[in-house]
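Structure first, commentary second.
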Amino acid sequence: GIDTRRTFTDHLYTALVGAGFCTFRDNEEIDRGEEIELEIKKSIPRSRSSVVVFSENYASSRWCLDELVMIMERRRTSKHMVLPVFYHVDPSDVRHQQRSFGEALAGHEEYEAKFIQDVVQVLQGKVSRTLLNIPGYLIGIDNKVNSISSWLHNGPSDVGIMAIWGMGGIGKTTIAKRVFNLNLGSFDAGSFLSDIAKTSQKSRDVLRLQQQLVSEILGGGKRKIRSVDKGPGEIRKAMSGKRVLVVLDDVEENDQVDAILGMQNWFCPGSKIIITTRNQQFIKAHRPDKIHMVEVDTLFETESLELFCWHAFGEEDPPENYTDLANRVVARCGGLPLALPMLGLSLSRRSVDVWESTLEMLKTIPDSDIQKKLEISYNSLKNDLDKNLFLDIACFFVGKDKNLMVTILNECGFYPVRGIENLKDRGLLSVDISNKLRMHRLIQQMGREIIRQKAPEEPWKHSRLWRQEDSLNVLEGNTGTRAIQGLKLDNGDEVQLETSAFTRMSELRLLFINYVKLTGGYKMFPKKLRWLCWRGCPLEFIPTDFHLERLVVIDMRNSNLTRFWNGTKNLSAFGSGRRRWSHEYLSAYVVEKPNLGTS
């Protein structure tokens, strides 16, 4: 109304603009007269919120009342937020339409400046944090978003905690942001704290997160917390009396979760905490009723193709001459939302030849941006045992029986039973119903690339050799070194090599040389082998100078063996201490010919 336009409303407008709001007011910006209704109709739909200042003379203005009707109609049909401000007016007078909206409230003027700042803070809490930046194409997440949104509104009436779990790049953060954007308006306040694992490693980082949390819950502005120890008290005061929605993105550590659970008593009933994490371990460490878990899966093939095409071609489907290429790229991504947009953008507007070349490259070398993102999960592993276990599996054991792998790598000192659980908790590994080890192809490639990056042009320095070309070059060139712990060579052409090619591989534990012919003596052959897979072995018996003392599994199917040794050899010679010869795998993998005795 005209009675506040030059005073309170003008000051409020200045404060909102100063706080960063794009603010419209029905002052000089709208010419009074016949065009006002058209101008108002344009202005109100463009806004996300309206501040209605009820003053003593508000009801006497037809323009004000017309605006109010339009604003309330907008609120009825959308999520348009309306904040009423009663200026020198008792709210009950507005509600009951009494007097001219009443007499001035005594002493109100001296609080006007502070009151304006309160209005700004309320709007900051309700509006400025609502829309987090998320990708333009949200494919395949609606079901998860709707399920989580339903939990927010229909879940526990007390303080609820949900964990969104999945492998790196699966879309956990995108889902959490979408849920936050859609549901923040239903809470009194909210805060989204990104990259907790990365930004909470030092005391000053924790302090910054505490300050951000308090600031966002209170509606904006810088909030100074003097020390990390004083942070909990400030957070508790900020939470007081508010139903809040708090998202903690990328939580990694148990102590972080313990701190969250410890905060539950500070929240008002109905408040909700959402955690995104790559690490399922801490969820298992607490009672299931304390943390509700949602697992995020890879996209379906049709969803993957659509997401890729929007980034590669700017439309839902690929052009006819790119259909096969697009499907091949999508298949390589394995439904991982992180990879599809990255590869789509990198191939956009490229020729068919470039697409073909890229696909060939990706068979050996992954996209560098995808690699960096996926390596975060590997780097989060707490010790070298788990890291070595992961690399062994990525190079040699995907698709193999879990028990077989445990038998072998237990003798390597990797404690695989424990390690498998750690890898599963971080989404790096799974075990299917047939007890076979499974790994997403991009995760497997990430592990292999970690090894290759150590010496890209010098495979003899790699800890593991799994590529046919690299293994053959090292063996034929006699360039093996003690760095090599595992080597795989599946040779359908029955290549012939010298046993001396293995002499310098003193740390070799895992050896796959299917259908390879070896000539020479075995006295200097690696002595630390735990697994020997030599299908199609041309030998009629195992040479007596072949050191098998540490071997636990041997697979010589389809070989020419007619007896195990030439002569007799006491099996008690094998194994000492906790090492043992696995008779189970010996009988399963070796004893296949009727004339092959068990002696």
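Not measured: the values here are computed from a predicted model.
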Distance check, rounded to the nearest 0.5 Å: [X] atom [atom1] versus [Y] atom [atom2]?
X	Y	atom1	atom2	value
M239	D188	CE	CG	12.0 Å
L152	F180	CG	CZ	11.0 Å
L374	I450	CG	CD1	9.5 Å
W310	L138	CH2	CG	12.5 Å
N388	L385	CG	CG	7.0 Å
C64	E67	SG	CD	6.5 Å

Using the side-chain contact (heavy atoms from CB on, under 4.5 Å) criterion, which residues pair with [X]? Sequence neighbours excluded.
X	result
N143	none
Q444	A394, V398, M439, R448
L345	H311
R75	M72, V82

So do the side chains of [X] and [Y] get within less than 4.5 Å of each other, counting heavy atoms only?
X	Y	value
Q211	I235	no
L248	V251	yes
S50	L83	no
R426	Q280	no
V85	V52	no
I291	M162	no
L428	I393	no
L340	V330	yes

List in chain and number order the residues that pass side chain to side chain donor-acceptor pair (under 3.5 Å) with [X], two or more places apart in sequence or in another chain; answer none if no residue qualifies.
X	result
S271	none
E295	none
S227	none
T302	none

Closest approach of [X] and [Y], non-hydrogen atoms and distance?
X	Y	value
S348	A312	OG-O, 3.2 Å
R243	G270	NH2-O, 3.6 Å
S304	L299	OG-CB, 3.5 Å
L442	C333	CD1-O, 3.6 Å
L391	G447	CD2-O, 3.4 Å
C309	E316	CB-O, 3.4 Å

Using only atom types and a distance under 3.5 Å, with no angle test, would you say the side chain of [X] pairs donor to acceptor with the backbone of [Y]?
X	Y	answer
E216	F192	yes
K237	G233	no
E234	I225	no
S346	L343	yes
E303	F300	yes
N181	L132	yes
S49	M81	no
D425	N279	no

Quick one: do K272 and W151 satisfy side chain to side chain contact (heavy atoms under 4.5 Å, CB included)? Show the steps, please. CA-CA 9 Å; K272 298 292 186 290; W151 176 83; 3.6 Å; yes

Results of ring-ring contact (aromatic ring centres under 6.0 Å, His included) for W165 - residues two or more places apart only: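 So W165 forms no ring-ring contact (aromatic ring centres under 6.0 Å, His included) with any residue.
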
Considering residues at least two apart in sequence or located in another chain, which fulfil the ring-ring contact (aromatic ring centres under 6.0 Å, His included) criterion with Y378?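 Y378 satisfies ring-ring contact (aromatic ring centres under 6.0 Å, His included) with F390 once adjacent residues are dropped.
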
Q453, CD: over 12 other non-hydrogen atoms inside 6.0 angstrom: yes

Is K373 atom NZ crowded by more than 12 heavy atoms from other residues, nucleotides or ligands, each under 6.0 Å away? no

Scan side-chain atoms only and decide if [X] and [Y] contain a donor-acceptor pair under the 3.5 Å cut-off.
X	Y	value
E449	Q445	no
R278	S380	no
H440	T298	no
N422	D386	yes

Quick one: do S149 and N183 satisfy side-chain hydrogen bond (donor to acceptor under 3.5 Å, both in side chains)? Show the steps, please. CA-CA 7 Å; S149 296; N183 294 280; 3.0 Å; yes

Can you give each donor-acceptor pair under 3.5 Å made by side-chain atoms of residues 167-176, sequence neighbours left out, with the distance rounded to 0.1 Å?
{"from": "K172", "atom 1": "NZ", "to": "G166", "atom 2": "O", "distance (Å)": "3.2"}
{"from": "K172", "atom 1": "NZ", "to": "M167", "atom 2": "O", "distance (Å)": "3.0"}
{"from": "T173", "atom 1": "OG1", "to": "D249", "atom 2": "OD1", "distance (Å)": "2.7"}

Does E375 come within less than 4.0 Å of K372, counting only side-chain N to carboxylate O? no

Return the set of residues passing salt bridge (charged side-chain N to carboxylate O under 4.0 Å, His left out) with D432 (not counting sequence neighbours), or none when no residue passes. R438

Between V294 and H292, is a side chain to side chain contact (heavy atoms under 4.5 Å, CB included) present by the stated rule, with each step listed? CA-CA 7 Å; V294 172; H292 178 71; 4.1 Å; yes

Evaluation steps, side chain to side chain contact (heavy atoms under 4.5 Å, CB included), between I161 and I274: CA-CA 6 Å; I161 301 178; I274 295 176; over 6 Å; no

Show, in sequence, the C-alpha distance, side-chain angles and deciding distance for L437 and V431, and conclude whether the side chain to side chain contact (heavy atoms under 4.5 Å, CB included) test is met. CA-CA 5 Å; L437 299 169; V431 181; 4.0 Å; yes

